[in-house]
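See below for the structure under consideration.
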Amino acid sequence: MKKDIITLAIESSCDETACAILKNGREVLSNIISTQIELHKKFGGVVPEVASRKHIENIPMVVQQALDEANVTFDDIDHIAVTYGPGLVGAVLVGLSYAKALAYTLNIPLVGVNHIEGHVSANYIEDKNLKPPFTTLIVSGGHTHLVEVKDYGKYEILGKTKDDASGEAFDKIARAMNLGYPGGPIIDKLAKKGDKKAIDFPRACMDEGYDFSFSGLKSAVLNYLNAKKMKNEEIVVEDVAASFQEAVVEVLATKAIKATKEKGYDTVALAGGVAANSALREKLTLMAKKENIKVKYPSLILCTDNAAMIGCAGYYNFINGKIHDMSLNAVPNLKIGQ
Ligand code: KG4
Ligand code: ZN
């Protein structure tokens, strides 16, 4: 009988220190996430140096907890999977150094994983039957990419943002309205009580292929807020949130459906922190239904940063022989498919 493959995965590219144990790539035995959100809240965003230091403090505990919860020991692990980019270089290095030390000591293969490819792979955990090819819309704090998943670990970028990432736009708008950090979940919640047609914010690049742009929308919202303040007029934050969110979501969903149709695929998968957005899920599902396209998205815990998704991507790299040696370094601007 074929032996099960057990993966120990580590993720530390931003403000979550995470470790997961997986069986055969898609079965999550444990998924421990220690978030630093509270720590960074007072600064209104992630402070890289603070994040790195906290990762160092957290990582031994997080790894031990993942082993305990999965009821395995280091001796059961077949390979290590670890994020080596993109992300904050100091933060990535903490997880990567720890992973290298583990791989070296245990004498097992080290598999470096692209964080963004990890986000896409969260969909394989969520839906055990999902197989490439399909299109994926990757929307996170640092990325907005429309990508063709041709096979496991084989990606082709169709389009991306020319300026701000969609999650970044959510965070910046929330900050401008003093709503707190991270902005996405707060805006998502407020928007439910607002009118999405209240303010007509711009939809950029609607007719320009698969690229995106969110900086014009961000400026339009900031100008709206400033004009209201100058005139001493009341700002209905719920309406601003709903109208802004609708402008983001409409562009994202329209392009994702267009790409899926044009490429002739029957499935589109959402990935990344913004995939948690309820309006995006709704809009995409609605538009997809009309075209007979299936929509996949990971459960909330698998949308934002976690190590289970890194383990899944790492497993496919591992079985396809894509392993690294001890010279693997952090690549802060690592591109998808590299
Ligand atoms: O993927 P992620 O956890 O980290 C990165 O790799 O960037 O994504 C974090 C981003 C943040 O910008 C956050 O505001 C956004 O995802 N986000 C959301 C929601 N939940 C998280 N954006 C919109 N709606 C949400 N519900
Ligand atoms: Zn991420």
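Everything numeric here is computed off the predicted structure, so don't read it as measured data. Each ligand, and each atom within it, is numbered from 1 in the order the structure gives.
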Q: Please verify whether a non-hydrogen atom of H119 lies at under 4.0 Å from ligand 1.
A: yes

Q | Parallel, tilted or perpendicular, as decided by the 30° and 60° cut-offs, for the rings of F212 and F214 | A | parallel

Q: Calculate the angle formed at the Zn ion (ligand 2) by OD1 in D305 and NE2 in H119; 10° precision is enough.
A: 100°

Q | Best match, G273, S278, C303: closest heavy atom to atom 17 (N) of ligand 1 | A | G273

Q. Can you find an N/O atom of E16 closer than 3.5 Å to an N/O atom of ligand 1?
A. no

Q: Would you mind telling me if ligand 1 is within reach of the side chain of N277, the backbone, both or neither, using heavy atoms under 4.0 Å?
A: both

(Q) Closer than 4.0 Å to some heavy atom of G141 - which atoms of ligand 1 meet that? (A) 5 (C), 7 (O), 8 (O), 9 (C), 10 (C), 12 (O)

Q: Give yes if a backbone or side-chain nitrogen or oxygen of G272 is under 3.5 Å from a nitrogen or oxygen of ligand 1, and no if not.
A: no

Q. Does any N/O atom on G184 come nearer than 3.5 Å to any N/O atom on ligand 1?
A. yes

Q: Decide whether an N or O pair under 3.5 Å exists between D305 and ligand 1.
A: yes

Q. With a 4.0 Å heavy-atom cut-off (strictly under), which part of D171 contacts ligand 1: side chain, backbone, both or neither?
A. side chain

Q. What part of H143, side chain, backbone, both or neither, has a heavy atom within less than 4.0 angstrom of ligand 1?
A. neither

**Q.** Atom of H115 nearest the Zn ion (ligand 2) (restricted to N/O/S, atom name only)
**A.** NE2

Q) Heavy atom of K189 under 4.0 Å from ligand 1? A) no

Q: List the steps, then state whether ring-ring contact (aromatic ring centres under 6.0 Å, His included) holds for Y84 with H324.
A: CA-CA 11 Å; Y84 73 106; H324 292 91; 5.3 Å; yes

Q) Is G142 in contact with ligand 1, taking contact as a heavy-atom separation below 4.0 Å? A) yes

**Q.** G167 neighbourhood, listing ligand 1 atoms whose heavy-atom distance to it stays under 4.0 Å
**A.** 12 (O)

Q.
Taking distance alone, with N or O pairs closer than 3.5 Å, would you say F170 contacts ligand 1?
A. no

